[in-house]
Amino acid sequence: MCKDCGCDARTQKAVERHKTVEVNTSVTHANDLIAKQVYDFFQKRQILCLNVMGSPGAGKTTIIENLARELGKESVAVIQGDLESDVDAKRLAALGIDAYQINTHSGCHLNAFMINQALLDMDFSDKRYVFIENVGNLVCPAGVKLGQHLNVLISSTTEGHDKIKKYPIMFQDADILILSKYDIKDAVEFDEKAYLSDLQEISSELKPVMTSKKDTTVFHTLAHQLEHDRSHIFNLEHNHANEHPFVFRN
Amino acid sequence: MHELAITQEIVSIVLNACKQNEYSLVKQVVVELGDQTTYKAEPLLYYFDILKQETDELKSAQMIVHEVIGLDCVVKELVVD
């Protein structure tokens with residue numbers, strides 16, 4: 001026993017043996033490192049990468065089809081995420097759009113590692129836009145970095161007006177918000193006023209772009225906005241002569 | 001929903017720290033869990049008690065989860081032998 005505090009040598013040794021070490025590492029660290037590599041890949045090639053999210057059936061694939069048509073199919077590649085099947089990749093390929101299918105099997109969202117693997121197998125010659133169609137889900141994709149420049153959220157009238165209140169993080173993370181199936185909003189009793197009010201509460205800047213399958217003119221405007229975004233992000237010369245007055249973000 | 005995958009990532013981070021610094025035994029893992037993540041502490045602790053059995057470094061370790069304000073889940077510190 002020691003004369004000073006009465007401890008015995010074994011206890012003293014036990015206290016001295018343990019030490020506290022700082023780690024300070026996020027559980028997303030590994031994913032985020034790969035996401036940065038993906039981002040740098042697209043930056044180097046001046047390819048605008050968009051992470052398209054939304055519930056199953058919201059209209060993600062249809063909207064990508066329409067945008068690809070307006071942007072020029074040869075300039076677009078799609079990385080398609082689903083649990084199983086290659087239904088959507090085949091659908092896009094039939095329209096002449098380069099599409100790569102990722103099956104997550106049980107995974108409810110894509111991650112940066114999956115995107116990085118896709119890059120190894122894809123040809124990006126002459127591509128200016130890559131759409132990543134994430135797994136249909138209003139919860140899990142939020143906040144998972146894939147290396148994208150912009151988050152596009154597809155919200156549909158058929159889901160009801162209350163999704164902003166129920167799934168705020170997805171809406172907070174969105175750079176572009178598309179409200180699809182606008183032409184049937186009355187049939188599904190969609191409360192547009194409540195939807196816009198809820199949106200205003202979480203973001204004063206984000207305004208939805210209303211789309212309908214039968215009205216393709218809005219996609220021309222959306223495509224123009226994406227061209228503008230691409231020019232801005234990569235500091236490219238942009239032809240302002242035909243610039244539309246339409247703005248969907250403040 | 002993702003707690004098993006997150007716990008696996010926590011274990012991976014700890015084992016990596018052990019390998020880099022030659023720690024042979026971890027007594028405690030301290031995690032800060034943001035309240036805006038979709039993860040809950042209880043399943044993290046549950047999975048940790050299962051996963052730690054598969055490693056020599058963590059078999060007697062205890063995980064402490066501090067719930068904090070934020071969007072992230074961070075392995076803050078280890079108490080090592």
Side-chain angles (χ1 to χ4, degrees), chain A residues 10-35 53 55-56 81 83 104-114 134-146 151 163-174 202-203, chain B residues 1-41 43-45 47-48 51 57-58 60-66 68-81:
Chain A
R10 277 185 312 177
T11 308
Q12 189 69 0
K13 272 189 182 174
V15 168
E16 286 168 357
R17 212 165 52 226
H18 295 340
K19 70 173 179 174
T20 299
V21 293
E22 283 195 0
V23 178
N24 285 322
T25 301
S26 167
V27 295
T28 65
H29 179 69
N31 179 83
D32 293 352
L33 278 178
I34 300 173
M53 300 176 284
S55 297
L83 265 68
T104 64
H105 305 299
S106 60
C108 48
H109 61 84
L110 294 171
N111 60 42
F113 178 75
M114 294 171 182
N134 216 316
V135 176
N137 189 331
L138 268 189
V139 180
C140 308
V144 178
K145 293 178 185 171
L146 304 177
N151 284 330
K163 295 302 169 287
I164 298 171
K165 270 195 157 67
K166 290 181 177 179
Y167 305 96
I169 297 174
M170 282 290 272
F171 287 85
Q172 285 163 355
D173 272 1
I202 64 160
S203 172
Chain B
M1 183 190 297
H2 295 141
E3 282 84 354
L4 175 56
I6 295 303
T7 313
Q8 287 171 326
E9 192 60 36
I10 290 170
V11 169
S12 175
I13 289 169
V14 174
L15 291 178
N16 205 42
C18 288
K19 188 178 174 185
Q20 284 182 351
N21 298 284
E22 297 181 352
Y23 302 137
S24 59
L25 202 61
V26 177
K27 305 304 288 181
Q28 209 173 70
V29 178
V30 179
V31 170
E32 281 189 357
L33 178 61
D35 61 345
Q36 292 181 56
T37 67
T38 57
Y39 323 133
K40 297 298 173 197
L44 290 179
L45 293 165
Y47 287 125
F48 182 78
L51 293 173
E57 294 89 338
L58 286 169
S60 59
Q62 178 193 27
M63 186 161 82
I64 309 286
V65 178
H66 295 305
V68 300
I69 295 170
L71 288 162
D72 208 351
C73 176
V74 177
V75 178
K76 280 300 282 184
E77 60 188 26
L78 307 178
V79 175
V80 299
D81 211 354

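Chain naming here is simple, since letters A, B, ... match the order of the sequence lines and numbering starts at 1 in each. Nothing here was measured: the structure is a model prediction, and the numbers come from that model.
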[Y] backbone acceptor or donor facing [X] side chain under 3.5 Å:
X       : Y       : value
D81(B)  : H18(A)  : no
N111(A) : F113(A) : yes
D35(B)  : G70(B)  : yes
N137(A) : V139(A) : yes

Query - Counterpart residues, side-chain contact (heavy atoms from CB on, under 4.5 Å), relative to A5(B) (two or more places apart) - result: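 Expected list: Q8(B).
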
Query - By side chain to side chain donor-acceptor pair (under 3.5 Å) - contacts of N24(A) (at least two apart) - result: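 Scan of N24(A) (side chain to side chain donor-acceptor pair (under 3.5 Å), adjacent residues dropped) gives E22(A), K76(B).
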
**Report entry** chain B neighbours within residues 25-34 of chain A, where any heavy atom lies under 4.5 Å away
**Finding:**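 Listed by number, the contacting residues are T25(A), S26(A), V27(A), T28(A), A30(A).
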
Query - Interface moiety of I13(B) toward chain A, non-hydrogen atoms closer than 4.5 Å - result: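 Only the side chain of I13(B) comes within 4.5 Å of chain A.
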
Query raised in the report: For K165(A), what residues pass the salt bridge (charged side-chain N to carboxylate O under 4.0 Å, His left out) criterion, not counting sequence neighbours?
Result: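 Counting only residues at least two positions away or on another chain, K165(A) forms a salt bridge (charged side-chain N to carboxylate O under 4.0 Å, His left out) with D198(A).
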
Report task. Name the option with the most non-hydrogen atom pairs under 4.5 Å to chain A; the candidates are I6(B), V75(B), V79(B). Result ->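 Going by pairs under 4.5 Å, I would pick V75(B).
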
